[in-house]
Amino acid sequence: MNINFEGKTVLISGAAGSLGSQLVHDYCSSGVGTLILLDLDEKEEELINLKKQYGSQAKVFTYCIDLTSVEQIMQVVKQIEKDELSVDILINNAGINILSKVVETSELIWDKIIDLNLKGSFFLTKAIGESSLVENKGNVIFVSSQHGVVGNQMRAAYCSSKSALVGLVHALTAEWSTYGVRVNSIAPTFILNNKNEEFLLGPREKRNYLNKIPLHRYAVPEDVSNAILFLTSDKASMITGHNLLVDGGYTSI
Ligand SMILES: NC(=O)c1ccc[n+]([C@@H]2O[C@H](COP(=O)([O-])OP(=O)(O)OC[C@H]3O[C@@H](n4cnc5c(N)ncnc54)[C@H](O)[C@@H]3O)[C@@H](O)[C@H]2O)c1
């Protein structure tokens with residue numbers, strides 16, 4: 001199957017992270033026209049490096065933003081408009097998890113997780129939708145999780161935020177299909193990366209997590225990126241309102 005994003009503009013939040021940078025690589029390999037990369041101030045250097053690395057393959061624009069601030073979202077979207085960029089594909093990838101038992105989950109932990117994973121994703125989608133994406137009949141991805149479908153210990157706020165994204169996909173599908181906009185989410189299992197490798201490959205985690213994945217391996221960023229590229233391509237033009245599990249069967253058993 002030949003997937004091509006020639007002439008398309010793709011916005012990726014959390015672009016300097018593990019899945020974000022894989023997406024940058026894969027969209028560039030698939031001929032994307034323009035990339036708009038968002039991440040925190042502290043990730044500015046990583047954003048600049050991505051621009052250097054991929055700037056010969058696509059036009060790359062970078063913006064520093066804290067997505068928990070609706071005010072910053074409005075400012076950055078205004079700047080994106082000033083830079084005459086018009087978004088076709090929006091990938092709400094930025095997200096955090098802070099492991100804590102229910103009884104130890106403070107208001108601060110709750111707000112940090114919900115304000116980024118749910119609120120930030122909603123307000124970014126609203127602002128980009130109004131600015132260009134709806135007019136472009138574009139499409140939106142929310143990066144949810146298997147923990148938006150099934151529960152797990154130490155993840156009350158995270159599970160709440162990721163299952164709420166699935167609800168948001170349904171609501172946006174109800175409102176935006178009429179404009180030709182597709183909205184989907186992706187629900188990965190544990191994704192192995194440099195930061196979590198030591199943790200996920202520990203004996204306890206292998207027992208509690210890996211052994212519960214029927215395919216008996218953790219996902220890698222490419223597994224998730226491949227699914228996102230498919231859903232955002234013309235090959236998925238009849239797919240909207242869907243939550244695509246990339247979980248090796250974790251939620252099936
Ligand atoms: N890693 C996993 O096992 C896993 C599993 C399922 C789902 N997910 C989801 O996949 C997505 C990507 O995760 P990842 O593994 O690449 O994580 P990551 O930590 O490598 O990347 C997340 C990025 O989001 C950015 N970010 C954090 N707070 C932000 C804020 N307030 N404003 C703007 N940007 C902010 C970070 O700087 C980082 O670059 C997340 O939504 C995560 O919840 C991850």
Side-chain angles (χ1 to χ4, degrees), residues 1-15 17-38 50 54 57-60 85-95 121 124-125 128-129 131-146 148-149 162 165-189 191 215 217 219-252:
M1 185 170 20
N2 183 20
I3 291 180
N4 195 294
F5 293 96
E6 204 181 323
K8 297 287 184 198
T9 297
V10 179
L11 189 157
I12 303 170
S13 73
S18 164
L19 178 55
S21 47
Q22 182 69 46
L23 285 163
V24 171
H25 176 272
D26 291 348
Y27 275 108
C28 283
S29 303
S30 303
V32 76
T34 304
L35 283 175
I36 303 172
L37 309 181
L38 269 47
L50 285 169
Y54 295 101
Q57 294 176 51
K59 287 182 200 151
V60 180
L85 298 169
S86 180
V87 177
D88 299 297
I89 296 169
L90 165 62
I91 302 172
N92 288 291
N93 165 66
S121 297
L124 181 64
T125 303
I128 292 292
S131 161
S132 53
L133 188 135
V134 169
E135 200 181 324
N136 291 344
K137 301 185 194 315
N139 75 79
V140 183
I141 292 285
F142 293 93
V143 179
S144 178
S145 166
Q146 65 184 7
V149 178
K162 294 297 189 179
L165 290 178
V166 178
L168 182 54
V169 164
H170 294 156
L172 282 166
T173 300
E175 278 198 32
W176 283 5
S177 294
T178 187
Y179 307 117
V181 174
R182 296 189 299 109
V183 186
N184 294 291
S185 54
I186 202 99
T189 187
I191 311 167
L215 286 182
R217 71 170 177 87
V220 291
E222 293 94 307
D223 293 318
V224 184
S225 176
N226 285 340
I228 291 175
L229 261 72
F230 165 68
L231 277 179
T232 57
S233 76
D234 290 345
K235 305 291 179 196
S237 62
M238 193 57 184
I239 303 178
T240 194
H242 186 65
N243 182 36
L244 181 58
L245 292 158
V246 185
D247 71 347
Y250 183 95
T251 58
S252 293

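Just so it is clear, the structure is predicted and the values come from calculations on it, not from any experiment. Keep in mind that the numbers below use all heavy atoms, side chains included, and drop hydrogens, waters and symmetry copies.
Within the model, atoms NE2 of H242 and NE2 of H170 stand 9.5 Å from one another, a figure rounded to the nearest 0.5 Å. Considering CG of L90 and CG of N136, their distance stands at 12.0 Å, rounded to 0.5 Å. The NZ atom of K162 sits 6.5 Å away from atom OG of S145, with the distance rounded to the nearest 0.5 Å.
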- Between I186 and F142, does a side-chain contact (heavy atoms from CB on, under 4.5 Å) hold up when you go through it step by step? CA-CA 6 Å; I186 202 99; F142 293 93; over 6 Å; no
Discussion item. Please evaluate residues K137 and Y179 with respect to the criterion side-chain contact (heavy atoms from CB on, under 4.5 Å), reporting the C-alpha separation (whole Å), side-chain torsions for both, the decisive distance (0.1 Å), and the verdict.
Written reply: CA-CA 6 Å; K137 301 185 194 315; Y179 307 117; 6.0 Å; no
Assess whether side-chain contact (heavy atoms from CB on, under 4.5 Å) is satisfied between L35 and I12, documenting all intermediate values. CA-CA 8 Å; L35 283 175; I12 303 170; 4.1 Å; yes
Problem set entry | Chi angles and distances behind the side-chain contact (heavy atoms from CB on, under 4.5 Å) call for T251, L245 | CA-CA 8 Å; T251 58; L245 292 158; 3.5 Å; yes
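Not counting sequence neighbours, the partners of Y27 by the ring pair (Phe, Tyr, Trp, His ring centres under 6.0 Å) test are F5. Annotation: side-chain contact (heavy atoms from CB on, under 4.5 Å) contacts of T9 (sequence neighbours excluded): T34, I36, D88. For the side chain to side chain donor-acceptor pair (under 3.5 Å) test, residues two or more places apart in sequence or in another chain that qualify with T189 are Q146. For M1, the side-chain contact (heavy atoms from CB on, under 4.5 Å) partners are I3, F230, K235, not counting sequence neighbours. Here S132 pairs with nothing under the side chain to side chain donor-acceptor pair (under 3.5 Å) rule; sequence neighbours left out. Checked against side chain to side chain donor-acceptor pair (under 3.5 Å), N184 has no partners two or more places apart in sequence or in another chain. For S225, the side chain to side chain donor-acceptor pair (under 3.5 Å) criterion is met by D26, not counting sequence neighbours. Contacts of N243 classified as side-chain contact (heavy atoms from CB on, under 4.5 Å), with partners at least two apart in sequence or in another chain: S144, V149, V166, S185, A187. Among residues two or more places apart in sequence or in another chain, the side-chain contact (heavy atoms from CB on, under 4.5 Å) test is passed with N139 by I89, R182, T232.
Under the 4.5 Å side-chain criterion, counting only non-hydrogen atoms from C-beta, L38 is in contact with L11. Side-chain contact between V87 and S131 is absent, with no heavy-atom pair separated by less than 4.5 Å. Put simply, the side chain of V224 does not reach to within 4.5 Å of the side chain of N226, judged on heavy atoms. Contact of the L37 side chain with the V24 side chain is registered, since non-hydrogen atoms from C-beta on lie closer than 4.5 Å. The side-chain heavy atoms of L50 and S21, taken from C-beta on, include a pair separated by under 4.5 Å. You'll find the side chain of I91 stays beyond 4.5 Å of the side chain of S13, heavy atoms only. No side-chain heavy atom of L165 sits under 4.5 Å from any side-chain heavy atom of V169. With a 4.5 Å cut-off on side-chain heavy atoms, S30 and L229 count as touching.
Ion pairing between D234 and K8 fails under the 4.0 Å rule for side-chain N and carboxylate O.
Exactly one of V32, I228, I141, V10 qualifies for a side-chain contact (heavy atoms from CB on, under 4.5 Å) with L23. That residue is I228.
When all heavy atoms of T240 and S177 are compared, the pair lying nearest together is CG2-OG, 4.2 Å. Across every non-hydrogen atom of V143 and N93, the tightest pair is CG2-CA, 3.8 Å. The nearest pair of heavy atoms linking R217 to V220 is NH1-N, 4.2 Å. The minimum heavy-atom distance linking L244 with A227 is given by the pair CD2-CB, 3.9 Å.
No more than 12 heavy atoms of other residues, nucleotides or ligands lie within 6.0 Å of CD in E135, so this atom counts as exposed by the packing criterion.
With N4 contributing its side chain and E6 its backbone, the two residues share a donor-acceptor pair below 3.5 Å.
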